[in-house]
Amino acid sequence: MRRIHLGEADLDVCVLNSCTIAATEWTEYGYVGRNGLDAIADLAKQKTERPTFRFLALHHHLLPVANVEAPKSKGVTLTLDASDILAAAQRARVNVALHGHQHKPKIAMYHSLPLHGDLAGAPIHVIANGSTGAKNERLPPGERNTYCLFRLRADAIDLWIRELRLDAVAGAQVFQGALPIAPVA
């Protein structure tokens, strides 16, 4: 876990290794395990004194992005312990979970509702970053490489997802907007 001071707000970043299992032809999945869950628990214990946003970053995705998980495909590419990671991240008040792996940009929101009197956690924006260096044959049809830019303000996070083109033409703006996120403090 690392805290970065950014003018109006602070940023806590927790980076997880989801590449702990060797991939085969039929498995490109990720797995974080106990060490990663402990890192998220440590993040939850961090005190904040200023507006603070919390990001979780890993390679493999936590929610489906493309149809790679379909039967008869080349296997499952989700992080196998995604449910545990998302639950721990929600307890740690993570605002954004950022990942790659699928080479396709996507924004989703994860929010589990409390059961058995548990406290409700805040939603987590799960952002598939896309890819800046995927070969065309690895990209979904009609897709280009993309990248994300974030701007943290005291009360919000602005996000841009842009196409990256190699032909000196300005890439399209895939997404631009403020994410409805409140800081931890």
Side-chain angles (χ1 to χ4, degrees), residues 1-23 28-65 76-114 118-132 146-161 175 178-185:
M1 199 289 298
R2 170 88 194 232
R3 176 159 293 154
I4 303 165
H5 301 288
L6 299 170
E8 294 183 32
D10 288 345
L11 173 64
D12 287 346
V13 179
C14 182
V15 179
L16 305 177
N17 179 7
S18 64
C19 299
T20 58
I21 297 178
E28 291 187 12
Y29 52 79
Y31 181 76
V32 169
R34 185 79 256 151
N35 287 341
L37 295 173
D38 288 347
I40 298 170
D42 288 345
L43 175 65
K45 296 174 190 171
Q46 297 298 312
K47 304 289 185 217
T48 59
E49 297 175 6
R50 301 175 356 121
T52 302
F53 294 98
R54 291 192 168 159
F55 278 48
L56 187 68
L58 69 163
H59 176 75
H60 293 85
H61 52 291
L62 298 168
L63 299 174
V65 174
V76 174
T77 66
L78 282 167
T79 305
L80 295 179
D81 50 353
S83 180
D84 292 335
I85 295 165
L86 287 165
Q90 201 167 18
R91 285 190 300 274
R93 299 179 295 165
V94 167
N95 304 106
V96 172
L98 182 65
H99 68 83
H101 192 67
Q102 283 293 2
H103 309 285
K104 179 181 174 81
K106 185 170 183 173
I107 303 171
M109 205 170 350
Y110 174 82
H111 189 193
S112 66
L113 299 177
D118 291 340
L119 296 175
I124 300 170
H125 284 75
V126 181
I127 300 174
N129 192 45
S131 178
T132 60
T146 58
Y147 62 98
C148 292
L149 294 171
F150 293 92
R151 179 176 57 204
L152 280 63
R153 296 182 279 135
D155 60 348
I157 296 175
D158 298 318
L159 169 64
W160 293 264
I161 301 177
F175 177 85
L179 300 175
I181 295 175
V184 173

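Side-chain atoms are counted along with the backbone in the values below, which use heavy atoms only and exclude waters and symmetry mates.
Residue pairs meeting the salt bridge (Lys or Arg N to Asp or Glu O under 4.0 Å) criterion with at least one member in residues 79-99: none, sequence neighbours excluded. For residues 120-132, no residue pair satisfies the salt bridge (Lys or Arg N to Asp or Glu O under 4.0 Å) rule, not counting sequence neighbours. Applying the salt bridge (Lys or Arg N to Asp or Glu O under 4.0 Å) test to every pair with at least one member in residues 9-18, sequence neighbours left out, gives these pairs: Arg3-Asp12, Asp10-Arg50, Asp12-Arg54. Screening residues 38-49 for side chain to side chain donor-acceptor pair (under 3.5 Å), with sequence neighbours left out, gives Arg34-Asp38.
Note that OH of Tyr31 is 14.0 Å distant from CG of Leu58, once rounded to the nearest 0.5 Å. Taking CG from Leu159 and CD1 from Ile127, the interatomic distance works out to 5.0 Å, rounded to the nearest 0.5 Å. To the nearest 0.5 Å, atoms CD1 (Ile181) and CD1 (Ile157) are separated by 4.0 Å. Here the straight-line distance linking atom CG of Leu16 with atom CG of Leu37 works out to 8.0 Å at 0.5 Å rounding.
Legend: residues meeting ring pair (Phe, Tyr, Trp, His ring centres under 6.0 Å) with Phe150, ordered by chain and number and at least two apart, are Phe55. Not counting sequence neighbours, Thr79 has no partner by the side-chain hydrogen bond (donor to acceptor under 3.5 Å, both in side chains) test. For Pro114, the side-chain contact (heavy atoms from CB on, under 4.5 Å) partners at least two apart in sequence or on another chain are Asp118, Ala120. Scanning for ring pair (Phe, Tyr, Trp, His ring centres under 6.0 Å) contacts around His59 gives His101, with sequence neighbours left out. Applying the side-chain hydrogen bond (donor to acceptor under 3.5 Å, both in side chains) rule to Ser112 yields the partners Gln90; only residues at least two apart in sequence or on another chain are considered. Judged as a side-chain contact (heavy atoms from CB on, under 4.5 Å), and not counting sequence neighbours, the contacts of Ala89 are Leu56, Val94, Ile124. The salt bridge (Lys or Arg N to Asp or Glu O under 4.0 Å) check on Asp158 picks up Arg151, Arg153, with sequence neighbours excluded. With sequence neighbours left out, the salt bridge (Lys or Arg N to Asp or Glu O under 4.0 Å) criterion links Arg2 to no other residue.
Pairing each heavy atom of Thr146 with each of Gly130, the nearest pair is OG1-CA, 3.2 Å. Contact record, Ala9 with Ala154: CB-CA, 4.4 Å, taken as the closest heavy-atom pair. For the residue pair Leu63 and Ala108, the shortest heavy atom distance occurs at CD1-CB, 4.0 Å. Across all their heavy atoms, Met109 and Pro123 have their closest contact at SD-CB, 3.5 Å. Here the closest non-hydrogen pair linking Phe53 and Asp155 is CZ-C, 4.2 Å.
At least one donor-acceptor pair under 3.5 Å links the side chain of Ser18 to the backbone N or O of His60.
Between Asn35 and Asn17, every side-chain heavy-atom pair lies at or beyond the 4.5 Å cut-off. Taking the side chain as every heavy atom from C-beta outward, Phe175 and Ile107 approach each other to under 4.5 Å. Counting heavy atoms from C-beta on, the side chains of Val126 and His99 come closer than 4.5 Å.
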